[in-house]
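From a predicted model like this one, the values you see are computed outputs, not experimental measurements. We use all heavy atoms of the structure for the numbers below, so side chains are in, but hydrogens, waters and symmetry mates are not. Numbers for residues simply follow the sequence, beginning at 1.
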Amino acid sequence: MTLAAELRPRALGVGTAVTSTSYTQQEVLDAFEITDPKIRSVFLNSAIDRRHLTLPPPDGKGGRVPEPQGDLLDKHKAKAIEMGAEALRACLKRAGAELAELRHLCCVTSTGLLTPGLSALLIKELGIDRHCSRSDIVGMGCNAGLNALGVVAGWAAAHPGELAVVLCAEACSAAYAIDSTMRTAVVNSLFGDGASAIALRSGPDGVAGPEGPRILKFASCIIPDASDAMRYDWDREQGRFSFYLDPQIPYVVGAHAELVVDRLLADTGLRRSDISHWLVHSGGKKVIDAVVVNLGLTRYDVRHTVGVLRDYGNVSSGSFLFSYERLLDEGVAKPGEYGVLMTMGPGSTIETALVQW
């Protein structure tokens, strides 16, 4: 059975936020006192100019003090609430909505564990109606923003006229380790702090909202053979959680991108050439390049993705919404045009969504 057009949720608005301090890659190298030429090369050839980070305090000798896991969890909580609240307010303002209208809040994060979850903390922090339903998606990684969008699109379709928000808040500074290994360098060179939110509502045009596209369809692809290629788990040597990225993961993701996009477009009558807007997760230079090559995209197609990586680094689950915000700011999307959203992360997983203005 095909879902009626008016029950397909429309994206009403988007908002983003970052932490207050940003650094160039050279400044991060200086802060961590990194002199190894191979590691410096990873930072300086990342296609990243600046990232927003909350680094550990100086040790008085020019270096930085490693933070115990408890302090990192405190950092995650504080920054996730701070950025999340700002992104949520910005999203609702752009959607022309008020906090009092919010009926479902879904929060996504992978850079720390909170119980009660971020949704409950933000409801208290912002004075949101206590009857607002909520959900938290924790630990799924950089792909999770689209996983959440799929879940909340279903909620919005089941509750016509009611406002829902997906909020991704990633304090990636709370997942940093300080050592001299290449494993750590790959991670420390890439991620930045950021939060983003998108509002959804289903209903007839004019009720759902005029700005954004209808969300039509989702498709997923998990790659079990690469289940260990991206992970955030306990590092026994350091006594803390640590993130790992396999150097081959960009090519693994790229090799499966065509498979999942073809599944997304199946039975729609659309070809890849019919897609006007591509919003891809800013996972890293090699990831973007691999997706471009395997899908036959142009550099113009991924201009927003490249720009977000350059200006913010990889802000994990909310990266694709930073790109979506830039597309909306351009004002180039026309009624009837199609777009594809794509994220990738641990699993290893590629998530996609098809939208239409």
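Using a 4.0 Å cut-off between charged nitrogen and carboxylate oxygen, D311 and R326 count as a salt-bridge pair. Between R231 and D233 there is a salt bridge, since a side-chain N of the basic residue sits under 4.0 Å from a carboxylate O of the acidic one. A salt bridge links R299 with D289: at least one charged nitrogen is closer than 4.0 Å to a carboxylate oxygen. Using a cut-off of 4.0 Å between Lys/Arg side-chain N and Asp/Glu carboxylate O, R201 and E101 are scored as salt-bridged. No salt bridge links E86 with R89; every basic N to acidic carboxylate O contact stays at or beyond 4.0 Å.
When all heavy atoms are compared, the tightest approach of L354 to L265 is CD1-CD2, 4.1 Å.
Taken from CG in L118 to CG in L105, the straight-line distance is 7.5 Å, to the nearest 0.5 Å. With rounding to the nearest 0.5 angstrom, the NZ atom of K75 is 11.0 Å from the SG atom of C172.
Between the side chains of T16 and E325, a donor-acceptor pair is found at a separation under 3.5 Å. Side-chain contact check for S133 and H104: at least one donor-acceptor pair (N or O, by modelled atom type) lies under 3.5 Å. Judged by distance alone, the side chains of T184 and N188 never bring a donor and an acceptor atom under 3.5 Å apart. For the residue pair R50/S22, the side-chain donor-acceptor check at 3.5 Å is satisfied. Judged purely by distance below 3.5 Å, without hydrogens or angles, the side chains of R51 and Q25 pair a donor atom with an acceptor atom. For the 3.5 Å distance criterion, the side chains of S119 and D136 qualify, holding a donor opposite an acceptor.
The closest donor-acceptor contact from the side chain of E33 to the backbone of D30 lies at 3.5 Å or more, if one exists at all. No side-chain donor-acceptor contact under 3.5 Å links R8 to the backbone of I215. Formation of a donor-acceptor pair under 3.5 Å by the N45 side chain with backbone atoms of S41 is found in this model. Looking only at distances, no side-chain donor or acceptor of E162 sits under 3.5 Å from a matching main-chain atom of A156. The backbone N or O of A219 sits nowhere less than 3.5 Å from a side-chain atom of R263 that would complete a donor-acceptor pair. T352 places no side-chain N or O within donor-acceptor distance of the main-chain N or O of V261, the cut-off being under 3.5 Å. Listed for the T115 side chain is no donor-acceptor partner under 3.5 Å among the backbone atoms of G117. D193 contributes a side-chain N or O that, together with a main-chain N or O of T54, makes up a donor-acceptor pair within less than 3.5 Å. Here the side chain of R94 pairs no donor or acceptor atom with the backbone of C91 at under 3.5 angstrom. With hydrogens and angles disregarded, no donor-acceptor distance shorter than 3.5 Å links the side chain of S317 to the backbone of C142.
Clustering ILVMFWY residues whenever any of their side-chain heavy atoms sit less than 4.5 angstrom apart, transitively, puts L327 in a cluster other than the one holding Y338. By the rule that hydrophobic residues join a cluster once side-chain heavy atoms approach within less than 4.5 Å of another member, L12 and L92 end up as members of one cluster. Linking Ile, Leu, Val, Met, Phe, Trp and Tyr residues whenever their side-chain heavy atoms come within less than 4.5 Å leaves L341 and L216 in two separate clusters.
Shown here is D329, whose CG atom has more than 12 heavy atoms of other residues, nucleotides or ligands within 6.0 Å.
Using the six-membered ring where Trp is involved, F243 and F191 have ring planes that are perpendicular, over 60° apart on the 30 and 60° scheme. Ring geometry, F241 versus W234: the interplanar angle exceeds 60°, so the pair is classed perpendicular (tilted spans 30 to 60°).
Cation-pi check for R40 over F43 is not met; the charged atom does not lie both under 6.0 angstrom from the ring centroid and within 45 degrees of its normal.
Aromatic ring centroids of W357 and H277 lie under 6.0 Å apart.
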List the steps, then state whether side-chain hydrogen bond (donor to acceptor under 3.5 Å, both in side chains) holds for H76 with T111. CA-CA 7 Å; H76 165 71; T111 50; 3.2 Å; yes
I350 vs T343, side chain to side chain contact (heavy atoms under 4.5 Å, CB included): CA-CA, chis, key distance, verdict: CA-CA 6 Å; I350 305 174; T343 62; over 6 Å; no
Determine, step by step, whether V260 and S220 satisfy the side chain to side chain contact (heavy atoms under 4.5 Å, CB included) criterion, reporting the C-alpha distance in whole Å, the side-chain angles of both residues, the deciding distance to 0.1 Å, and the verdict. CA-CA 6 Å; V260 67; S220 305; 5.6 Å; no
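Counting only heavy atoms from C-beta outward, the side chains of R130 and I123 never approach each other to under 4.5 Å.
Under the side-chain contact (heavy atoms from CB on, under 4.5 Å) rule, M344 has a single partner from L146, I249, I223, V287, which is V287.
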